[in-house]
Amino acid sequence: MRVYNTLSKRKEEFVPLEPGKVKMYVCGPTVYNLIHIGNARPMIVFDTVRRYLEHKGYEVNYVSNFTDVDDKIIAKANEEGVSSKEISERYIAECKKDMEAMNVRPATTHPLATQEIDGMVEMIQTLMDKGYAYNVDGTVYFRTRKFQEYGKLSHKNLDDLRSGNRSLLVTGEDQKEDPLDFVLWKPKKEGEPFWPSPWSDGRPGWHIECSVMSKKYLGEEIDIHAGGEDLIFPHHENEIAQSECCNGKPFARYWLHNAFLNIDNRKMSKSLGNFFTVREISEKYDLQVLRFFMLSAHYRSPLNFSADLMEAAASGLERIRNAVSNLAYIKENSRADSGKDPEAEQEILAGAKAFVSKFDEAMDDDFNTADAIAAIFELVKYANSNLTSENSPELIGAVRDEIVGLSDILGLIVEEKEELLDADIEALIAERQAARKAKDFARADEIRSQLAAQGITLLDTREGVKWKRA
Ligand code: AMP
Ligand code: ZN
């Protein structure tokens, strides 16, 4: 399997640190709003990478953080007159609902920056002790010049960057030794959340959060670090500097970055205001369509969002679903004397397997989901033209399972959902009531969204919980 590594700018053979295991960290969102479909791109893409690695037999430890302390969160909290905690908790819960609806599996661990402050203070202290950091009036900076390899990920010309940023120093706005030095710790301002530290009451810089959470949950050296391409510089470059100077070893072996989701060929972003939230899209489409749309392009190619492409994704997904239900139908109705030519049946199965190999080859080539979907389409076409009720139910079932299985590796659900029975719904409601009683509101919410995903709405009434199907 070959993966494109931003560090070397080449496709490299994937060799994990430990055979059979993959340690993977994906930078997660800053939680101050509903996520937009640009934020959804790395979620879907790297969830698919994880699924494929698991399909290949790797045990994947997948860590993805929520940045829950940030200027934008504080601003939103002040706007609403509530605490930052309330804002971040609200949008983490909303983000998890969107992830579930996009069939993005929860990470092995979703650390929160605010729960890891001790580790951050400790790492900053180590950097101070080693001479890689300095304190000016309670603000701690990283001394980039001391790290010889600074710039190795972004392949930028650092002298140009330095001269571009020099004005900051000249105007005395900044107390940094070098324009490329960045903040590790900053003192609190009025009304901001803060934690004690040896340098000031304050909060960590954004970059140190990921270095610390990655180290705590995955170790000093990891296999894959990933995120959107806007994170290459400065975020990931700074993470490398912090982690490698603190730990004295290489940080991540493979750096994977997705290209942007654009709209009218401009990056979709909150600041430009040109975004659609995942929630808005879910009002118009099954979010499986959004997932299909995202995977119909290679993750390193820019992808332009348009209604036409979403319609194409909807009909592509429908084509696969139709084939799957048609195969289920002909399997049920397969004739008693079906499959009387075992040799011919073997041949059809071998023909189908060729498309499975094609799928694997595409995914082995830097997770080329566009070609992998093309292989599923070819398999669908092949099944439509080669299988009838005259084939054995075993053969029809095997080909159907291949289509479902390949789609599942991409996180695409192509089987009709089995309706929840009334008794199952009642049991889940009882479990939710018990969870609420035990003040396990997270579990209670989880059950509510699980039911909502199946079109079941709950009404809390005075006579107890009532439910209805959509
Ligand atoms: P943020 O909340 O802005 O820190 O972004 C969370 C993740 O979404 C990061 O990995 C970003 O690189 C990624 N991201 C943000 N906007 C886009 C976009 N338009 N296309 C692709 N990825 C994006
Ligand atoms: Zn990060």
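Just follow the structure's listing: the first ligand is 1, and inside any ligand the first atom is 1.
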ring-ring contact (aromatic ring centres under 6.0 Å, His included) with Phe293: which residues, sequence neighbours excluded?
Phe305
Option from Glu149, Lys152, His207 for which side-chain contact (heavy atoms from CB on, under 4.5 Å) with Ile240 holds
Lys152
Which residue pairs pass the ring-ring contact (aromatic ring centres under 6.0 Å, His included) test when at least one of the two sits in residues 1-23, sequence neighbours left out?
Phe14-Tyr58, Phe14-Tyr254
Separation between NZ of Lys130 and SG of Cys246, rounded to the nearest 0.5 Å
6.0 Å
Minimum-distance N/O/S atom that Glu239 presents toward the Zn ion (ligand 2)
OE2
Under 3.5 Å: N or O atoms of ligand 1 paired with protein N or O:
unit_1, atom_1, unit_2, atom_2, d
ligand 1, 2 (O), Thr30, N, 3.2
ligand 1, 5 (O), Asn39, ND2, 3.3
ligand 1, 8 (O), Asn39, ND2, 3.3
ligand 1, 10 (O), Gly228, N, 3.0
ligand 1, 12 (O), Gly228, N, 3.3
ligand 1, 12 (O), Asp230, OD1, 2.4
ligand 1, 12 (O), Asp230, OD2, 3.4
ligand 1, 19 (N), Leu261, O, 3.0
ligand 1, 19 (N), Met268, O, 2.8
ligand 1, 20 (N), Leu261, N, 2.7
ligand 1, 22 (N), Gly38, O, 3.2
ligand 1, 22 (N), Asn258, ND2, 3.4

Any ion pair linking Glu89 and Lys85 (charged N to carboxylate O, less than 4.0 Å)?
yes
Under 30°, 30 to 60°, or over 60°: which ring-plane class applies to His236 and Trp255, parallel, tilted or perpendicular?
tilted
Excluding sequence neighbours, so at least two apart, what forms ring-ring contact (aromatic ring centres under 6.0 Å, His included) with His55?
Tyr52
Below 2.8 Å, can you find an N, O or S atom of His235 next to the Zn ion (ligand 2)?
yes
Restricting to N/O/S atoms, is Cys27 within less than 2.8 Å of the Zn ion (ligand 2) or not?
yes
